[in-house]
Amino acid sequence: MSDKKITTDSGIEIKQLYNEPVPMTEKPGEFPFTRGVHAAMYRDRLWTMRQYAGFSTAEESNKRYHYLLSQGVSGLSVAFDLPTQIGYDSDHAMSEGEVGKVGVAIDSLEDMEILFKDIKLQDISTSMTINATGFILLSLYIALAKKQGADIKKISGTIQNDILKEYAARGTYIYPPEPSMRIITDIFEYCSKEVPKWNTISISGYHIREAGATAVQELAFTLANGKAYLQAAIQKGLDINVFAQRLSFFFNAHNNLFEEVAKFRAARRMWAHITKSLGATDPKAQMLRFHTQTGGSTLTAQQPKNNIVRVSLQALSAVLGGTQSLHTNGYDEALSLPTEEAATIALRTQQIIAFESGATDTVDPLAGSFYVEQLTNDVEAAAWKLIEKIDVMGGAVKAVEQGFIQEEIARSAYKYNNEIEDGTKIIVGVNKFTTKEAEETPVFKIDDSIRTVQTEKLKALRAKRDAVKAAACLEAIRQKAMSAENLMPAVIEAVENLCTLGEIADTLRSVWGEYKG
């Protein structure tokens, strides 16, 4: 028998053979939901197929959305540019060089109208990857839905709205942790009453993993953040059995197929116990529902078509792990935003898994595998150890403030990069099986003139709006920020009166300041 030591990406040792059965008593759709949140899973309904898209102006992104809808996506997923993410209008000095680059530029309700032109918001589900300004984008979405004549109690979708992982891993925060958490609980409260089908937060492990975390760290830090959001909402007096039903998660899918499946299965089980321990009794409040995106950091600029295979394996792990929603990356995303061809191949990858692979024919198809069941237990046990450390520190907010989570991620990222450099970790086409010839791949380019276009739009908007009314709306937001009143109604009224995203963000900066890290 080989005595070679092999581990998963998280360092969990893998035995050569697993031949001891793990007792299986639970059924899919039953607490603690290890085997899935629905009894029949994909036999009844496939996951939502999303393609994350957004670039340039609202006009250009709208064209891509119509193309994706025509090709069979069942939900939209919006990417915003960096100025939009950190609360600057396109004409702000800090926006120079970034407008429309990594997502679409949205400054006002007029941009939102163009973004969703000829798309009925009541008829689709929209996911928006937005955090520090998530409350403003949600307000714009609600204002547009009302303008379209939609019943806002029927609109559905998700805002990411997970600020804790921004402090730990991604960096697109604006305000200090305390007021940021206040905004999030204001959204929970408002949506539970006014927009009950909206998922008010997508607690994101994706960016934690992209920053260099292992699968176990992604799981532990994400659930610790989720626990902090639960506790903040409970302290505000909200009913966990109500608001927890609208919480969703966002996980990464990397290349280690079996560890990823085990991570997803363990996540459901752990979240069920966390919510139950905090008072949730409704099964829908105990369920972990999640969106998955294939691993952007696993894509290589070298031999980029290899990425098609990587994305296929990662997408399969998400399906075998029971995801509710999935985005597959374009093979060219290590080089640029995806071309239309790359986006189509990515979507077809999902469709082939759904309709040709047989992976959807039964619930939890890897259940009962000695290896997968043991690995699920091992991943869970390792994640609980990290969560226990965070609890001792006083929770996720304190762990971030003390730098614990950041240091753990940095250590893992350093180790992983060293393993690639010394050849311990093989990356096909990068440190093994390389070729001398460079592969020519068409790239998607963004025109720098977009900032000029957006600036002219803003100039025209400010000239035609009721300036007195807009100023009054911003003052109302300032007053609400200094009180304990819910911010959302004031922000919705402000965007309806053509206040811009940057103006609203700056109003709150004047009250709360900015977090400097």
Side-chain angles (χ1 to χ4, degrees), residues 85-88 130-139 159-192 200-205 207-208 221-240 243-244 246-247 274 278 387 389-407 409 474-492 494 501-517:
Q85 292 182 48
I86 54 178
Y88 293 118
I130 196 73
N131 296 283
T133 55
F135 67 107
I136 305 175
L137 271 299
L138 176 58
S139 296
I159 45 172
Q160 192 164 104
N161 197 31
D162 176 4
I163 203 65
L164 291 178
K165 67 94 176 49
E166 295 296 328
Y167 300 124
R170 190 161 176 264
T172 61
Y173 45 74
I174 302 174
Y175 314 111
E178 188 175 336
S180 293
M181 293 293 280
R182 177 258 176 97
I183 291 173
I184 288 169
T185 55
D186 278 0
I187 293 169
F188 288 176
E189 182 181 50
Y190 176 82
C191 288
S192 67
T200 50
I201 193 169
S202 177
I203 304 158
S204 177
H207 302 97
I208 290 171
F221 298 155
T222 304
L223 295 188
N225 287 348
K227 187 175 179 181
Y229 294 128
L230 290 177
Q231 291 168 331
I234 290 167
Q235 287 171 7
K236 193 179 177 73
L238 304 184
D239 183 351
I240 191 171
F243 76 81
R246 304 319 306 173
L247 274 57
I274 288 170
L278 291 174
I387 291 175
K389 287 184 180 180
I390 291 169
D391 285 344
V392 168
M393 294 176 192
V397 175
K398 295 295 183 184
V400 166
E401 290 175 345
Q402 294 174 35
F404 170 75
I405 292 175
Q406 298 93 311
E407 288 173 10
I409 294 170
L474 293 173
E475 177 58 23
I477 290 172
R478 193 178 73 85
Q479 293 295 332
K480 291 279 179 72
M482 293 188 293
S483 74
E485 288 187 71
N486 195 299
L487 279 168
M488 285 299 293
V491 177
I492 293 170
L501 174 137
E503 290 167 344
I504 294 168
D506 280 346
T507 298
L508 295 176
R509 281 186 179 98
S510 72
V511 178
W512 296 327
E514 289 187 303
Y515 182 67
K516 300 300 182 185

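Keep in mind that the numbers below use all heavy atoms, side chains included, and drop hydrogens, waters and symmetry copies.
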Exercise for review: Would you sort out whether I159 and T200 count as a side-chain contact (heavy atoms from CB on, under 4.5 Å), showing the intermediate values?
Suggested key: CA-CA 6 Å; I159 45 172; T200 50; 5.6 Å; no
Review point. Where do R170 and N131 land on the side-chain contact (heavy atoms from CB on, under 4.5 Å) test, with the steps shown first?
Key: CA-CA 10 Å; R170 190 161 176 264; N131 296 283; 3.7 Å; yes
Point to revise | Verdict with supporting geometry, R246 and C191, side-chain contact (heavy atoms from CB on, under 4.5 Å) | key: CA-CA 9 Å; R246 304 319 306 173; C191 288; over 6 Å; no
Check your understanding: After noting the C-alpha distance and the side-chain angles of Q160 and I130, does the key distance pass the side-chain contact (heavy atoms from CB on, under 4.5 Å) rule?
Key -> CA-CA 5 Å; Q160 192 164 104; I130 196 73; 5.7 Å; no
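No donor-acceptor distance shorter than 3.5 angstrom exists from the side chain of E514 to the backbone of R509, with no hydrogens or angles considered. Side-chain N or O atoms of N225 include none that pairs as donor or acceptor with a backbone N or O of L164 at under 3.5 Å. The main-chain N or O of S204 is found under 3.5 Å from a side-chain atom of D162 such that the two form a donor-acceptor pair. Judged purely by atom type and a 3.5 angstrom limit, R182 uses its side chain to pair as donor or acceptor with the backbone of A481.
Between Y190 and T185 there is no side-chain heavy-atom pair separated by less than 4.5 Å. Within the 4.5 Å cutoff, no side-chain heavy atoms of T222 are placed close to those of K165. Between M181 and Q235 there is no side-chain heavy-atom pair separated by less than 4.5 Å. Within the 4.5 Å cutoff, the side chain of I201 has heavy atoms near those of the F188 side chain. At least one side-chain heavy atom of V400 sits under 4.5 Å from a side-chain heavy atom of Q406. Side-chain contact between Y229 and I163 is present, with heavy atoms from C-beta onward closer than 4.5 Å. Under the 4.5 Å side-chain criterion, counting only non-hydrogen atoms from C-beta, D239 is not in contact with I234. At a threshold of 4.5 Å between non-hydrogen side-chain atoms, the residues D391 and K227 count as touching.
Between the CD atom in Q479 and the CD atom in E475 there is a gap of 4.5 Å [rounded to 0.5 Å]. Summarising the geometry, atom CG belonging to L230 is positioned 8.0 Å from atom CD1 belonging to I274; distances are rounded to the nearest 0.5 Å. Separation of atoms CD1 (I183) and CG (L508) is listed at 6.0 Å; rounding is to 0.5 Å. Between the CD1 atom in I174 and the CD1 atom in I86 there is a gap of 7.5 Å [rounded to 0.5 Å]. Atom CG of L138 and atom CD1 of I187 lie 6.0 Å apart (nearest 0.5 Å). The CZ atom of F404 sits 4.0 Å away from atom CE of M393, with the distance rounded to the nearest 0.5 Å.
The two atoms that bring A228 and A396 nearest to each other are CB-CB, 4.1 Å, heavy atoms only. Minimum interatomic distance between I477 and A494 (heavy atoms only, all atoms of both residues): CD1-CB, 3.7 Å. Contact record, D186 with E485: OD2-O, 3.9 Å, taken as the closest heavy-atom pair. Closest of all the heavy-atom pairs between G513 and P176 is O-CD, 3.7 Å. The two atoms that bring L501 and G87 nearest to each other are CD2-CA, 3.6 Å, heavy atoms only.
Using modelled atom types and a 3.5 Å distance limit, the side chains of E166 and T172 yield a donor-acceptor pair. Looking only at atom types and distance, the side chain of K480 has no donor-acceptor partner in the side chain of N486 under 3.5 Å away. Under the 3.5 Å distance criterion, with hydrogens and angles disregarded, no donor-acceptor pair is assigned to the side chains of Y88 and D506.
Counting non-hydrogen atoms of other residues, nucleotides and ligands closer than 6.0 Å to NZ of K236 gives a total above 12.
Partner S180 forms a side-chain hydrogen bond (donor to acceptor under 3.5 Å, both in side chains) with one of Y167, Y515, Y175 and no other, that one being Y167.
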